[in-house]
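Worksheet: one structure, shown below.
Note on naming: letters A, B, ... go to the chains in the order of the sequence lines (proteins, then strands), and numbering restarts at 1 for each one.
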Amino acid sequence: MIDFQLLKSEEGLNRVLTSLKRRGDESSSTDLKTIAEKRSATIREVEALANERNVQSKKLGELKAQGKQAEFDELREKMKEVADRLKVLKEQESEVEEKFRYLLDRLPNLLDDKVPDGKDETQNVVLRTVGEVPKFPFAVKPHFEIAEAHDLVDFERGVKISGARFYVYNEQIAKLERRLTNFMLSTHERAGYKERTIPLLVKDECMYGTGQFPKFADEYYRMEKDALSLIPTAEVPLTNIYADEIINEEQLPIYLTALTPCFRREAGSAGKDTRGLVRVHQFYKVELVKFVKPEDSEKEWLALTADAERILQKLGLTYRVVSLCSGDMGFTSSITYDLEVWMPGLNRWLEISSCSNFKDFQARRAKIRMKNATTGKNEYLHTINGSGVAAGRLIAALLEYHQTAEGGIDWPAIEAKLNA
RNA sequence: GGAGCGGUGGCUGAGUGGUCGAAAGCGGCAGUUUGCUAAACUGUUGUACUAGGUAACUGGUACCGAGGGUUCGAAUCCCUCCUGCUCCGCCA
């Protein structure tokens, strides 16, 4: 969440409103200032009355100890009224607090000044393209046609077992995925990321901490009985490792990575990418997460993006780096670069990684702080993360790049890339 | 799943209705002593919100697993939930 102290000044409020407008968010942001003010006023009232109660209660204790029964009884009667009044006031306070939290919880992160203006994904800005768009001397096929033709992926049985957007990898793809994820983890380990194995089911407070809850709750699988959610990305448990903790500044930066399945309901994407491995309910992904000092976050975010790019470079895939425009930015992110890989068979660019700087937005929600070594004060640190990268889409890309004129797959070529 | 016992500050651990944000010890920080280190001694040491102040800081409120309740007053009493440990059962 954003620093709600911003709402108190004209200047801060304008920053919030400008950012919201750039996002194309028409939510009731103007209410914020009024609610924030009402909240402060109510808190002041409650605290003043609570102070009186505390002072008089202390006095009652003294009177009793001194055996002054008459004075005790008199004051006690008076304080009953104060207690009643306080009770009513406290109810008002929690009502205001609830309204305030409701708005604040649903308020997106402030956009970085460098985020380009734009309405939707069509106005994202391509920063650079790495590699050439490959040319084939034959008619290229999308990955799912190749996979079906050679029985590499069993889409029907995936549907039989679990429904649409589920799949079964047969032997060669299953093994390729195992090789690829291992390759990605090793590559990141060399760049300084520490691997973790983490829970795939998380509490609501974790989903809140990284910003999935409460606004986007419908997009995730939740186990109602146990009040746990299947993670949509390793970002959730990985970031929450340090929830509610204060980290010494000297221990930063912390780089973490994890391989996990990711589960997404894909609610609202009916009819989109219905074939293939591009949009599925479950896929493996290697995630990169960084905890950094605020002053380092831009540098560290660019470095993390480069770490994700390295995977695509090593595998010889053509991709471009895209700066998401204001209207296409995610709720929690302050600035995001997407990596889009060229898909020869689909004949389009496909998002395979999304690298974001959240600044202190997630840190505030998850209460992840650092102790400033010079001032000794606790401050919110910055969190950064990105996919490094999504395995399912990576497999799809490799199949399309290494298809042969005969309609098969050049396995040795893939193998060579992995061994390079 | 059953039975029993617990959850207190960075840690250990006291505290069963009033002056308890909370004893004591450890750790941390500052200082004194010291040729240096160590030891000893002295002081200091939580978080969030809130009001004032440029700030250092000062005042207030809240927090003793979480949420409710009783009371003028709750770490302490009552209820619900969560969670840890030990034993038993079950499963891998």
Side-chain angles (χ1 to χ4, degrees), chain A residues 1-9 11-12 32-105 197 199-209 213 222-229 237 240 242-251 360-381:
Chain A
M1 75 180 105
I2 65 159
D3 179 4
F4 70 76
Q5 305 291 355
L6 280 172
L7 303 174
K8 289 184 176 172
S9 70
E11 186 201 347
L32 266 166
K33 194 178 163 67
T34 9
I35 300 254
E37 276 163 6
K38 198 173 169 195
R39 174 176 173 272
S40 303
T42 315
I43 286 174
R44 253 174 286 157
E45 257 186 283
V46 167
E47 291 193 349
L49 199 58
N51 178 239
E52 190 188 343
R53 179 205 59 196
N54 291 347
V55 169
Q56 300 300 341
S57 289
K58 221 169 244 190
K59 195 169 175 194
L60 271 167
E62 287 165 21
L63 289 175
K64 196 175 185 186
Q66 291 162 5
K68 295 180 177 166
Q69 194 58 41
E71 285 176 56
F72 178 88
D73 288 341
E74 194 190 334
L75 186 55
R76 188 166 152 259
E77 282 310 305
K78 243 205 239 153
M79 291 320 290
K80 273 187 185 171
E81 285 169 36
V82 172
D84 288 343
R85 211 143 38 93
L86 189 57
K87 197 174 173 182
V88 174
L89 264 180
K90 274 190 172 168
E91 272 163 27
Q92 285 176 16
E93 186 196 14
S94 54
E95 265 174 49
V96 175
E97 187 71 33
E98 199 182 317
K99 278 186 199 158
F100 182 66
R101 293 292 307 201
Y102 185 91
L103 290 175
L104 200 61
D105 283 346
T197 297
L200 306 179
L201 285 163
V202 297
K203 296 181 184 175
D204 291 347
E205 57 207 77
C206 292
M207 295 290 274
Y208 174 83
F213 281 4
R222 186 169 183 277
M223 311 290 143
E224 208 52 55
K225 252 187 199 170
D226 300 289
L228 293 169
S229 296
N240 278 286
Y242 292 108
D244 247 319
E245 294 193 21
I246 300 170
I247 301 166
N248 285 329
E249 191 182 337
E250 304 84 65
Q251 290 173 274
D360 61 5
F361 191 84
Q362 291 183 327
R364 260 210 173 73
R365 291 185 153 234
K367 298 193 183 72
I368 310 174
R369 288 169 295 175
M370 57 165 236
K371 191 167 279 293
N372 186 307
T374 41
T375 64
K377 301 256 186 211
N378 300 325
E379 304 169 13
Y380 290 107
L381 48 69

Verdict with supporting geometry, A:D73 and A:Q69, side-chain hydrogen bond (donor to acceptor under 3.5 Å, both in side chains): CA-CA 6 Å; A:D73 288 341; A:Q69 194 58 41; 3.1 Å; yes
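Distance CE (A:M370) to C1' (B:rG10): 19 Å, rounded to an integer number of Å. The CE-C1' distance, from A:M79 to B:rC72, rounds to 6 Å in whole Å. Summarising the geometry, the separation between CG on A:L49 and P on B:rG73 is reported as 11 Å, rounded to the nearest angstrom. Taking atom NZ on A:K367 and atom P on B:rC63, their separation rounds to 16 Å, with Å as the unit. Between the NZ atom of A:K90 and the P atom of B:rG69 there is a distance of 10 Å, given to the nearest Å. One can place CZ of A:R85 at 18 Å from C1' of B:rU71, the figure rounded to the nearest angstrom.
Annotation for A:E74: atom CD does not count as buried by contact number, only 12 or fewer foreign heavy atoms lying within 6.0 Å. Dense packing is recorded around CD of A:E250, with more than 12 heavy atoms of other residues, nucleotides or ligands lying under 6.0 Å away.
Legend: residues meeting ring-ring contact (aromatic ring centres under 6.0 Å, His included) with A:F213, ordered by chain and number and at least two apart, are absent. Annotation: salt bridge (charged side-chain N to carboxylate O under 4.0 Å, His left out) contacts of A:R53 (sequence neighbours excluded): none. Applying the side-chain contact (heavy atoms from CB on, under 4.5 Å) criterion to A:K64, with sequence neighbours excluded, gives A:F72. The side-chain hydrogen bond (donor to acceptor under 3.5 Å, both in side chains) test applied to A:K8 returns A:Q5, not counting sequence neighbours. Scanning for salt bridge (charged side-chain N to carboxylate O under 4.0 Å, His left out) contacts around A:D3 gives A:R364, with sequence neighbours left out. Residues meeting the salt bridge (charged side-chain N to carboxylate O under 4.0 Å, His left out) test with A:E37, sequence neighbours left out: A:K33. By the salt bridge (charged side-chain N to carboxylate O under 4.0 Å, His left out) test, A:D105 pairs with A:R101, sequence neighbours left out.
Within the structure, side-chain hydrogen bond (donor to acceptor under 3.5 Å, both in side chains) contacts touching residues 81-97 of chain A (residues at least two apart or in different chains) are A:R39-A:E97.
Nucleotides B:rA48 and B:rU32 are separated by 36 Å at their C1' atoms, to the nearest Å. The C1' atoms of B:rG1 and B:rC63 are separated by 35 Å, rounded to the nearest whole Å. Across the P atoms, B:rU19 and B:rU76 are found 13 Å apart, a figure rounded to whole Å. Rounded to the nearest Å, the gap between the P atom of B:rG25 and that of B:rA40 is 13 Å. Taking the C1' atom of each, B:rC77 and B:rC64 are spaced 16 Å apart, rounded to whole Å. Across the P atoms, B:rG4 and B:rA62 are found 37 Å apart, a figure rounded to whole Å. Between B:rC20 and B:rU16, the distance separating the two P atoms is 14 Å to the nearest Å. Separation of the P atoms belonging to B:rA66 and B:rU8 is 10 Å when rounded to the nearest angstrom.
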Base-contact (B) and sugar-phosphate-only (S) positions in nucleotides 15-20 of chain B, heavy-atom cut-off under 4.0 Å, - elsewhere: ---BB-
Footprint string (nucleotides 44-61 of chain B, 5' to 3'): B base within contact, S backbone only, - free, heavy atoms under 4.0 Å: ---SSBSS--------BB
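Two residues, A:E91 and A:A83, neighbour RNA chain B, and the one matched to the more 5' nucleotide by heavy-atom proximity is A:E91.
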What are the atom names and distances for every N/O pair under 3.5 Å that joins the protein to nucleotides 81-85 of chain B?
none

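Using a 4.0 Å cut-off between charged nitrogen and carboxylate oxygen, A:K80 and A:E77 count as a salt-bridge pair.
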Bracket notation of RNA chain B in which parentheses pair within the strand, [ ] cross earlier pairs, and | pairs with another strand (Watson-Crick or G-U, under 3.5 Å): ((((((((.[[[..)..(.....]]]((((((.......))))))(((((((....))))))).[[[[[..)....]]]]])))))))....
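A:R222 is listed as a side-chain neighbour of A:D204, based on a closest heavy-atom distance under 4.5 Å. For the pair A:R365 and A:Y380, the minimum side-chain heavy-atom distance is 4.5 Å or more.
In this structure, the separation between CG on A:N372 and NZ on A:K377 is 10.0 Å, given to the nearest 0.5 Å.
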